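These notes are about the structure you will find just below.
Everything numeric in this text was worked out from a predicted model, so none of it was measured. FYI, side chains are in, hydrogens and waters are out, and symmetry mates aren't considered; it's all heavy atoms of this structure.
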Amino acid sequence: MTTDTPPVPRLTSLSHGGGCGCKIAPGVLSELLAKSNLPKQFFPNLLVGTETADDAAVYQINDEQAIVATTDFFMPIVDDPFDFGRIAATNALSDIYAMGGTPLMALAIVGMPINVLPHDVIAKILEGGESVCRDAGIPLAGGHSIDSVEPIYGLVGIGIVNPKHMKRNADARAGDVLILGKPLGVGILSAALKKNLLDDAGYAAMVKATTQLNRPGADLSKLDGVHALTDVTGFGLLGHGLELARGAGLTARIDSAKLPVLPTVQGFAEQGVITGASGRNWASYGEQIELAASITDAQRALLTDPQTSGGLLVSCAPEVAEQVLQLFAAQGFAEAAVIGHMQQGQPKVVVD
């Protein structure tokens, strides 16, 4: 008598959302944080906290060193367990680079349906995360795990930065050029994957983008002409651009024709293959966005598309823009592009 082994479920079938599309919508998150009645405490050495929705916390320990601390985790965006681990780990470490820091070590955050997923599949997820830490030159020094209904994986990232070189998301200046380090469209490709519409080439392009460590951040931080830095993740380009605008009290102006986009993304968007998070993002911050009449629904979906392990968004003086682009290119970010600029005006994003 033989017993049939049940098929291994697709990782993406076990989660209600994937990647940075799992994020709580920005409007809901703001409401939740506003409901906290605890008195605010002042810590003079805390250089970056929750005030500007920045990428990581920064705590100064002496004149030349500050600790950068962050955490990021989510449900599967792909079905390959090794790739899922790689993408989640790369995304988590991105927040350190986005502050201008260098990672020191990481801790794993693991929640798995231990009786649903085969243990070798779970081991592959962990192996994928460890491989990224090795690539970043840091130890995966521990972590915590729980038995969870949905698969969850990510990292706590600990890094270091010179306080003089730290880059916040709130320090853009009028006249700055905006440069985006990676092409857009990860969320749209993940939606296509869930619908079995993504071919091997599209999958390879998505994985390549989402597993490319944002190392240029550490070097960008040392350029005097780089004023503000963030990474584009779950709130989409418009959401993270709006954070730059709010932090600086300026208008961010984006040229839609200059946006780098992953292959096949535009076609999927025009077919309506998009994530639910894109609509939630627009509902949360659309009132502070001014779109040109020529912007189509598909283009708006791309602008609000949640990016998992997305590119760095740099606000820099025009005279160093070419140097920034060369730095990106030298580290393998060939599609980095100037996408707009910062100007005087109300805190909002204008898209031409």
Side-chain angles (χ1 to χ4, degrees), residues 47-48 52-58 60 64-70 72 90-104 132 135-138 157-184 209-233 237 240-241 243-245 247-248 250 252 254 258-260 307 309-342:
L47 304 182
V48 180
T52 58
D54 219 322
D55 300 294
V58 181
Q60 185 169 354
E64 296 185 350
Q65 294 176 311
I67 294 295
V68 184
T70 184
D72 213 316
T90 305
N91 178 74
L93 294 181
S94 181
D95 287 339
I96 295 175
Y97 294 120
M99 301 304 301
T102 301
L104 290 176
V132 167
D135 188 28
I138 63 171
I158 305 296
I160 195 164
V161 68
N162 186 319
K164 300 180 185 68
H165 297 154
M166 178 192 72
K167 301 299 179 186
R168 305 191 309 160
N169 67 355
D171 296 327
R173 301 180 189 178
D176 275 1
V177 166
L178 292 174
I179 295 175
L180 179 62
K182 290 184 184 181
L184 300 172
T210 53
T211 57
Q212 188 174 22
L213 286 163
N214 277 323
R215 300 180 203 266
D219 293 324
L220 290 168
S221 71
K222 299 178 179 68
L223 295 179
D224 290 338
V226 172
H227 300 138
L229 198 58
T230 190
D231 60 347
V232 178
T233 54
L237 177 62
H240 294 284
E243 288 176 347
L244 287 183
L250 298 170
I254 292 172
K258 293 183 177 179
L259 296 177
Q307 301 305 288
S309 191
L312 295 174
L313 182 59
V314 186
S315 182
C316 66
E319 56 267 25
V320 300
E322 188 58 37
Q323 190 175 354
V324 169
L325 290 171
Q326 289 175 359
L327 194 155
F328 270 122
Q331 297 194 36
F333 292 77
E335 295 184 76
V338 174
I339 64 164
H341 64 275
M342 303 296 292

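Looking at heavy atoms from C-beta onward, Met166 lies in side-chain contact with Val48 at the 4.5 angstrom threshold. Ile138 places a side-chain heavy atom less than 4.5 Å from the side chain of Leu93. In this structure, the side chains of Lys167 and Leu220 stay at 4.5 Å or more apart for every pair of heavy atoms. In this structure, Thr211 and Val132 have side chains that are not in contact, with every pair of non-hydrogen atoms separated by 4.5 Å or more. The shortest distance between side-chain heavy atoms of Tyr97 and Pro103 falls below 4.5 Å.
In terms of heavy atoms, Val232 sits closest to Gln307 at O-CB, 3.3 Å. Nearest heavy atoms, Leu312 versus Pro216: CD1-C, 4.3 Å. Contact between Ala228 and Ala172 at its shortest, heavy atoms only, is CB-N, 3.5 Å. A pairwise comparison of heavy atoms in Pro163 and Gln65 identifies CD-N, 3.6 Å as the closest pair. Smallest separation of non-hydrogen atoms from Ala56 and Thr70: CB-CB, 3.8 Å. Annotation for Pro260 and Ala337: closest pair CD-CB, 4.3 Å, computed over non-hydrogen atoms.
The one candidate from Val161, Val58, Ile67 that meets the side-chain contact (heavy atoms from CB on, under 4.5 Å) condition with Leu47 is Val58. Between Ser309 and the choices Asp231, Thr233, Asn91, Asp72, the side-chain contact (heavy atoms from CB on, under 4.5 Å) rule is met once, by Asn91.
At most 12 non-hydrogen atoms from other residues, nucleotides or ligands lie less than 6.0 angstrom from NZ of Lys258.
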Would you list the atom pairs, donor with acceptor, under 3.5 Å between side chains in residues 314-335 and any protein atom, with sequence neighbours excluded?
unit_1: Ser315; atom_1: OG; unit_2: Asp176; atom_2: OD2; d: 2.8
unit_1: Gln331; atom_1: NE2; unit_2: Asp219; atom_2: OD2; d: 2.8

Candidate pair Asn214 and Lys182, rule side-chain contact (heavy atoms from CB on, under 4.5 Å), full reasoning = CA-CA 9 Å; Asn214 277 323; Lys182 290 184 184 181; 3.5 Å; yes
Pair Leu313-Asn169, side-chain contact (heavy atoms from CB on, under 4.5 Å): steps then yes or no | CA-CA 9 Å; Leu313 182 59; Asn169 67 355; over 6 Å; no
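The distance from the CE atom of Met342 to the CD1 atom of Ile254 is 9.5 Å, given to the nearest 0.5 Å. Here the CD1-CD distance, from Ile160 to Glu64, works out to 10.0 Å after rounding to the nearest 0.5 Å. Considering CG of Leu184 and CG of Leu259, their distance stands at 5.5 Å, rounded to 0.5 Å.
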